[in-house]
Structures are given as structure tokens and as C-alpha cells.
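Have a look at the structure below before the remarks.
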Protein chains: 2
Amino acid sequence: MTAQRRVVAEVLDGEHVHLTADEVHSRAVAKLPEISRATVYNTLGELVSLGEVLEVATDKRAKRYDPNAHRPHHHLVCAQCGEIKDVHPGGNPLADLPDSERFGFKVSDVEVTYRGVCPNCAAA
Amino acid sequence: MTAQRRVVAEVLDGEHVHLTADEVHSRAVAKLPEISRATVYNTLGELVSLGEVLEVATDKRAKRYDPNAHRPHHHLVCAQCGEIKDVHPGGNPLADLPDSERFGFKVSDVEVTYRGVCPNCAAA
DNA sequence: ATCCAGTATTGGATAAAGTCCAAGGTCATA
DNA sequence: TATGACCTTGGACTTTATCCAATACTGGAT
Ligand SMILES: [Mn+2]
Ligand SMILES: [Mn+2]
Ligand SMILES: [Zn+2]
Ligand SMILES: [Zn+2]
């Protein structure tokens with residue numbers, strides 16, 4: 001555990017946190033000015049491999065890093081500002097996919113992304 | 001309607017078609033050798049604006065272009081080879097998100113991505 | 001059939017996100 | 001202190017996508 005890794009871990013602490021690698025780097029630099037982008041990418045990659053952090057692709061640009069890897073969850077995204085919330089829908093979407101729609105795949109996982117407009121953007 | 005646009009439209013014809021811009025360009029070049037990448041990107045962007053084609057982000061790399069914009073559907077992705085099938089699950093995932101999990105958002109849409117292993121990859 | 005204004009296409013430059021690498025730094029152990 | 005394993009760094013490189021100025025094309029008016 002180096003100072004660099006500790007800083008990346010600190011930046012990724014919290015709820016509803018879904019930062020891009022670049023955002024992680026900016027915030028890490030505020031705490032440890034000389035940390036490099038390469039180290040941020042390396043550390044994020046290690047955390048993902050360890051299962052401590054999830055990669056999420058809620059927009060079609062940069063990957064986002066999600067420290068909430070403990071409890072499975074899905075995402076609610078504001079189409080205007082990009083804010084992302086963790087959500088826990090009821091039901092079991094896996095069970096909703098009939099065999100006739102599985103094309104012989106062994107299906108093991110499902111991701112659900114809800115889209116809408118957040119209260120802030122709706123007010124503006 | 002120019003020859004270039006016609007070729008892009010032809011390339012995007014079919015079922016379970018989810019090509020990247022680069023794949024569209026390669027196939028378009030096979031039919032019209034001098035078509036440029038810029039025109040492919042322009043045309044894809046127009047088709048998306050018109051609602052004739054959807055952008056899908058099933059992997060975390062290039063966007064994919066989906067001509068099946070007529071009937072809403074979701075996707076089943078092979079985690080190994082990337083093959084993508086259109087699927088129509090039962091149930092209504094939007095209804096599965098309780099108000100208490102909406103954070104005041106006006107939720108209007110939901111995307112579901114199933115992940116698994118396709119028969120080909122399972123056999124190998 | 002020809003002209004022309006508007007639109008489309010092109011190649012190359014640029015940008016954004018991410019990966020790779022060789023060089024050098026750090027740290028525990030001996 | 002010397003060693004070796006591992007970590008960090010900056011920059012080069014790759015991939016994907018966008019932007020732009022110059023050129024080519026199109027379709028309607030004459
Ligand atoms: Mn999350
Ligand atoms: Mn599809
Ligand atoms: Zn918003
Ligand atoms: Zn497969």
C-alpha cells in the first residue's frame with residue numbers, strides 16, 4: 001500500500017460515487033500533487049481486478065469507477081447533467097428473459113440503466 | 001439521398017446488426033471504395049438524429065449502431081466474443097423501480113443488458 | 001442542357017480516453 | 001549498504017470520434 005494507492009482509494013470513498021479516471025486523477029492530485037495518470041489507471045485496473053471497484057458505462061464516453069461493489073445494484077442516470085444514482089429495483093430481470101429469447105446463451109448477469117431527468121435539471 | 005448514404009443504409013440492414021462505425025466503414029468501402037470515414041460518421045449521426053438507428057454501448061469501447069429502432073428491445077451480449085442479440089424480455093422493468101428509489105427523477109426509459117456466453121464460445 | 005446555390009463528401013488535423021513502456025524510485029530484507 | 005521486487009512516472013502510442021476547409025456533387029430553375 002503506497003501513498004498513491006491510498007489516495008485513489010480515498011477519492012473513491014462514498015455513496016453514489018461514479019467518477020471517470022480523469023476525475024479520479026484530478027481529485028487525487030489535490031491530495032498528492034505528483035500522482036501520475038498512469039498510476040491512477042493502474043490502480044483503478046487493480047481495484048477492478050480485485051472486485052473492489054466496478055467499471056460502469058452509463059454514458060458513451062469515459063468509463064466510470066464505482067466503489068459500491070459490495071451490494072449488487074443498478075443505475076439511474078440524468079440524461080441532461082449525467083448525475084448517477086445507485087438504485088435497487090424490485091423484481092428479477094434475469095427471470096424475465098424467457099428461454100426462447102436466450103439464443104442458447106448461458107446467461108449469468110444483467111445490468112439495468114434507468115434514464116430520466118434529475119430534480120435539479122427539471123427545475124432549470 | 002446520395003450513393004454514400006445508400007451504402008451506409010444497406011450495410012445497416014438486417015437483424016441483430018450492431019456494428020461499430022469502423023465496421024460500417026469497412027463494409028461500406030467494399031461496396032463503394034472511396035467512401036470516407038467522415039461521411040460514415042456523418043451519416044450515422046444523421047440516422048441517429050432521425051431515430052432510424054440507435055446507438056448502443058454494450059461494450060466499453062466503440063459505440064455500436066443498431067438499425068432495429070422500430071420496436072423497443074434489449075440486448076444479450078456474449079462476454080467472450082461480443083456477439084449481440086436483440087431480446088424482448090417479459091415484464092416491465094420501469095414498474096420495478098419504486099418511488100423510494102427514484103431520487104425525485106422523472107424516469108422515462110430503461111435499458112437492460114443481459115450478459116452470458118454464446119453457444120459457440122461455450123463449445124470452445 | 002446548363003448554371004448555380006446549397007448540400008454532401010473528403011482527407012487531414014485535432015481531441016479525448018486509454019494503454020504501454022523504459023527508466024528510475026522506494027522499500028524491506030539480508 | 002547492497003539487492004531485488006515492486007511501484008511510479010512521463011511520454012509515446014493507439015483507438016475512437018469530431019472538426020474543418022477545400023472540393024465535388026445534386027437537383028431545381030432557366
Ligand atoms: Mn453504482
Ligand atoms: Mn439491438
Ligand atoms: Zn440532471
Ligand atoms: Zn461468444
Side-chain angles (χ1 to χ4, degrees), chain A residues 1-12 17-50 52-67 75 77 79 81-84 113, chain B residues 1-12 17-50 52-67 75 77 79 81-84 113:
Chain A
M1 174 59 71
T2 63
Q4 287 84 349
R5 290 179 189 189
R6 188 160 29 246
V7 163
V8 169
E10 281 172 23
V11 165
L12 284 175
V17 170
H18 306 90
L19 299 170
T20 65
D22 223 48
E23 288 166 348
V24 172
H25 180 245
S26 296
R27 297 183 189 203
V29 163
K31 295 173 180 250
L32 182 67
E34 288 317 304
I35 190 172
S36 70
R37 270 170 229 281
T39 293
V40 169
Y41 275 107
N42 288 343
T43 304
L44 290 173
E46 286 157 15
L47 291 170
V48 170
S49 291
L50 292 170
E52 297 291 322
V53 165
L54 300 175
E55 275 180 359
V56 300
T58 50
D59 65 48
K60 298 180 185 75
R61 319 195 115 180
K63 295 174 196 168
R64 291 178 175 274
Y65 292 88
D66 183 344
H75 292 110
V77 182
C81 70
E83 184 178 1
I84 302 171
T113 303
Chain B
M1 175 59 72
T2 64
Q4 287 85 349
R5 291 177 186 188
R6 187 159 31 247
V7 164
V8 169
E10 281 172 23
V11 165
L12 284 175
V17 170
H18 305 90
L19 300 169
T20 65
D22 221 47
E23 289 166 348
V24 172
H25 180 244
S26 297
R27 297 183 189 203
V29 162
K31 295 171 181 253
L32 183 67
E34 289 318 306
I35 190 172
S36 70
R37 271 171 228 281
T39 294
V40 170
Y41 276 106
N42 288 343
T43 305
L44 290 173
E46 285 156 15
L47 290 170
V48 169
S49 291
L50 291 171
E52 297 292 322
V53 166
L54 300 174
E55 278 180 357
V56 299
T58 51
D59 65 46
K60 298 179 185 74
R61 318 195 114 182
K63 295 175 197 167
R64 291 177 175 276
Y65 293 87
D66 183 344
H75 292 110
V77 181
C81 70
E83 184 177 0
I84 303 172
T113 304

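Every chain is numbered from 1, with letters handed out A, B, ... down the list of sequences.
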- Message: Under the criterion side chain to side chain contact (heavy atoms under 4.5 Å, CB included), I'd like the reasoning laid out for A:Gln4 against A:Asn42: C-alpha separation, chi angles, the key distance, then a yes or no.
- Response: CA-CA 11 Å; A:Gln4 287 84 349; A:Asn42 288 343; over 6 Å; no
- Query: Near DNA chain C, under 4.0 Å by heavy atom, which residues of residues 26-36 of chain A?
  - Reply: none
- Message: Test of understanding: with side chain to side chain donor-acceptor pair (under 3.5 Å), list the residues that count as partners of B:Thr58, not counting sequence neighbours.
- Response: none
- Query: Can you tell me how far P of C:dG25 sits from CZ of A:Arg5, to the nearest Å?
  - Reply: 19 Å
- Message: Apply side chain to side chain contact (heavy atoms under 4.5 Å, CB included) to residues B:Leu47 and B:Val8 and explain how you reach the verdict.
- Response: CA-CA 10 Å; B:Leu47 290 170; B:Val8 169; 4.2 Å; yes
Check nucleotides 17-20 of chain C for protein N or O atoms closer than 3.5 Å to its own N or O atoms and list the pairs.
| from | atom 1 | to | atom 2 | distance (Å) |
| --- | --- | --- | --- | --- |
| C:dG18 | OP1 | A:Lys63 | N | 2.8 |
| C:dG18 | OP2 | A:Tyr41 | OH | 3.2 |

- Paired with A:Asp22, the salt bridge (charged side-chain N to carboxylate O under 4.0 Å, His left out) test is passed by just one of A:Arg61, A:Arg37, A:Lys63, A:Arg27, namely A:Arg37
- Query: Just how far, in rounded Å, is P of C:dA16 from CD of A:Glu23?
  - Reply: 14 Å
- Phosphate oxygens OP1/OP2 of D:dT9: is one of them under 4.0 Å from a side-chain N or O of A:Thr39? yes
- Identify the heavy atoms of A:Gly82 and A:Val77 that sit nearest to each other, and give their distance. O-CG1, 4.2 Å
- Task: Sequence neighbours left out, what passes salt bridge (Lys or Arg N to Asp or Glu O under 4.0 Å) with B:Arg64? Give chain and number order.
- Result: B:Glu23, B:Asp59
- Non-hydrogen atoms of B:Val11 and B:Val17 that approach each other most closely: O-CG1, 4.5 Å
- Task: Give the rounded distance in Å between these two atoms: CZ of B:Arg6 and C1' of C:dT9.
- Result: 15 Å
- Distance (rounded to the nearest 0.5 Å) between A:Glu52 CD and A:Thr43 OG1: 13.0 Å
Listed pairs, N/O of protein and of nucleotides 24-26 of chain D, under 3.5 Å:
none

- OP1, OP2 of C:dT26 versus side-chain N and O of A:Gln4: anything below 4.0 Å? no
- Message: Can a donor-acceptor pair be found, under 3.5 Å and without considering hydrogens, that links the side chain of B:His25 to the backbone of B:Ile35?
- Response: yes
- Query: If every non-hydrogen atom of A:Tyr65 is compared with every non-hydrogen atom of A:Leu12, which pair is closest and at what distance?
  - Reply: O-CD2, 3.9 Å
- Item | side chain to side chain donor-acceptor pair (under 3.5 Å) involving B:Arg6 - partner list, sequence neighbours excluded | none
